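The first residue in the sequence is number 1, and the count goes up from there. Hydrogens, waters and symmetry mates are skipped; everything else that's a heavy atom, side chains included, is used. Since the structure is predicted, the reported quantities are computational estimates derived from the model, not experimental observations.
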Amino acid sequence: MSDLTVFNPAQVPDFARNNELSETALALTGGGTGGSVKRISIKGGVFRLVSGGKEIAAIEDRHLDVIIVKAAPKVSRIFYAGAYDKDAAAAAPDCWSNDGEKPDAGARNKQAQTCLSCPQNQAGSGQGNSRACRYQQRLAVVLENNPGGDVMQLTLPATSVFGKEDGDKRPLQAFARHLALSNPPINPEQIVTRMKFDTKAESPKLFFAPVRWLTNDEYAVVKTQADSADASRAVVMTVAQTDGVKNAPALPGKAPVAVVEEEEAPAPKAKTAKKKAEVVEDESEPEVRKDAAKPSAVPEKKSKLADIVADWDDE
């Protein structure tokens, strides 16, 4: 009898129809199946598909319709000691924090015991009056027309996360507040979201807008995707970890070259955050270092991204 012929696909029990590999299975297979989290990059102001650190395709459309299936519970932090070099090979960050409060245990060059006390969190430690340690928000998303397909990581720079809405142009947090104030409140995982580039920004920046409600069948699939191992990895892993980049020691007398995934402009000065009802009207990046100065739905034609994703080889 050949392998697995005893398991007739027509007789799979209900509890196993949407199976993901369990912790037990991963442990017994040596910790994984050789696969890696695929991701969407916005480097250079273009939607790019990346798998295993290699760009598979670049999408010419200026917008992309996705479903947000999971989000990191807190905005993360990431720091590179060297200057940005778009031509350098990918490198792991020197320090990062998933919770924005303290460096992760795996950070190779921790800058402080806590993010609050970190010198890289002071205004002026980065370009201009910005901070060298950057905010990021990690999301797990699927394509609108393929909700049961690959779960992809999307790492957003601070410029796409914080800021005030301008008409229907909303950064991520303003978009989420807009949904929360609806009657009834709308959860991001219940709708199709359109991501669109800000064509006036000098560095990659996205705005977010609602497109439509999911169908009941789509929502059932999305809930399963949210519980998947890929979704969990997508919201906690740095880009370097996702791409399998190995730490490399710096050359003697030289700082390691930083390869920041998404370029960011220096953070502008902003007004003090205000509160409205139970929703915080965040107009700027949150202030972490106390002594630091505050840094400065009609869908269009569908993207061909799903067709390209369908051609990806499983790794």
Side-chain angles (χ1 to χ4, degrees), residues 20-39 41 50 52-53 69-84 88-122 125-126 131-140 151-158 161 226-251 254-262 264 285-290 292 315:
E20 294 287 339
L21 289 179
S22 67
E23 291 182 3
T24 301
L26 290 173
L28 295 178
T29 57
T33 60
S36 62
V37 177
K38 293 172 175 134
R39 62 186 180 88
S41 166
V50 180
V69 301
K70 197 179 188 72
K74 294 186 178 181
V75 178
S76 61
R77 304 296 302 264
I78 190 166
F79 168 74
Y80 285 90
Y84 176 78
D94 288 82
C95 188
W96 71 89
S97 170
N98 269 302
D99 61 11
E101 296 177 1
K102 62 183 182 302
D104 277 23
R108 61 175 179 165
N109 185 15
K110 297 180 180 64
Q111 300 296 296
Q113 292 300 311
T114 66
C115 296
L116 182 67
S117 62
C118 184
Q120 309 302 342
N121 186 44
Q122 287 184 318
S125 57
R131 288 170 283 195
C133 188
R134 297 289 190 172
Y135 287 100
Q136 289 185 336
Q137 176 71 59
R138 299 188 188 109
L139 305 177
V151 176
M152 293 171 280
Q153 181 187 69
L154 176 65
T155 302
L156 297 172
V161 178
D227 292 331
S228 70
D230 279 347
S232 295
R233 286 194 294 268
V235 299
V236 298
M237 296 173 69
T238 67
V239 169
Q241 290 170 324
T242 300
D243 290 349
V245 172
K246 295 182 179 179
N247 288 341
L251 296 175
K254 293 185 178 180
V257 175
V259 183
V260 182
E261 168 56 18
E262 319 299 353
E264 294 181 19
E285 295 183 8
E287 185 182 15
V288 175
R289 181 73 180 257
K290 289 183 178 180
E315 298 183 355

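Checking side-chain atoms of Gln136 against main-chain N and O of Arg134 turns up no donor-acceptor pair under 3.5 Å. Between the side chain of Gln153 and the backbone N or O of Ala231 there is no donor-acceptor pair closer than 3.5 Å.
Legend: residues meeting salt bridge (Lys or Arg N to Asp or Glu O under 4.0 Å) with Asp104, ordered by chain and number and at least two apart, are absent. Take Asp99 and apply the side-chain contact (heavy atoms from CB on, under 4.5 Å) test, not counting sequence neighbours, and it matches Lys74, Ser97, Glu101, Lys102. Checked against side-chain hydrogen bond (donor to acceptor under 3.5 Å, both in side chains), Lys110 has no partners two or more places apart in sequence or in another chain. For Thr114, the side-chain hydrogen bond (donor to acceptor under 3.5 Å, both in side chains) partners two or more places apart in sequence, or in a different chain, are Ser117. Scanning for salt bridge (Lys or Arg N to Asp or Glu O under 4.0 Å) contacts around Lys70 gives an empty result, with sequence neighbours left out. Residues satisfying the side-chain hydrogen bond (donor to acceptor under 3.5 Å, both in side chains) test with Gln137, not counting sequence neighbours, are none.
Side-chain contact, Arg77 with Asn98: no donor N or O sits under 3.5 Å from an acceptor N or O.
Each of Thr238, Leu154, Leu156 was checked for a side-chain contact (heavy atoms from CB on, under 4.5 Å) with Arg138, and the lone residue meeting it is Thr238.
The CG atom of Asp230 sits 9.5 Å away from the CE atom of Met237 when rounded to the nearest 0.5 Å. For the atom pair Ser76 OG and Trp96 CH2, the distance stands at 11.0 Å (nearest 0.5 Å). A distance of 6.0 Å separates CD in Gln111 from SG in Cys95, rounded to the nearest 0.5 Å. Here SG of Cys133 is found 11.5 Å from OH of Tyr80. Values are rounded to the nearest 0.5 Å. Going from atom CE of Met152 over to atom NZ of Lys38 covers 9.0 Å, rounded to the nearest 0.5 Å.
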Go through the steps to decide whether Ser228 and Val151 satisfy the test side chain to side chain contact (heavy atoms under 4.5 Å, CB included), and finish with yes or no.
CA-CA 9 Å; Ser228 70; Val151 176; 4.0 Å; yes
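Heavy atoms only, all atoms of each residue included: Arg39 and Ser41 are closest at NH1-CB, 3.7 Å.
You'll find the side chain of Asn121 stays beyond 4.5 Å of the side chain of Cys115, heavy atoms only.
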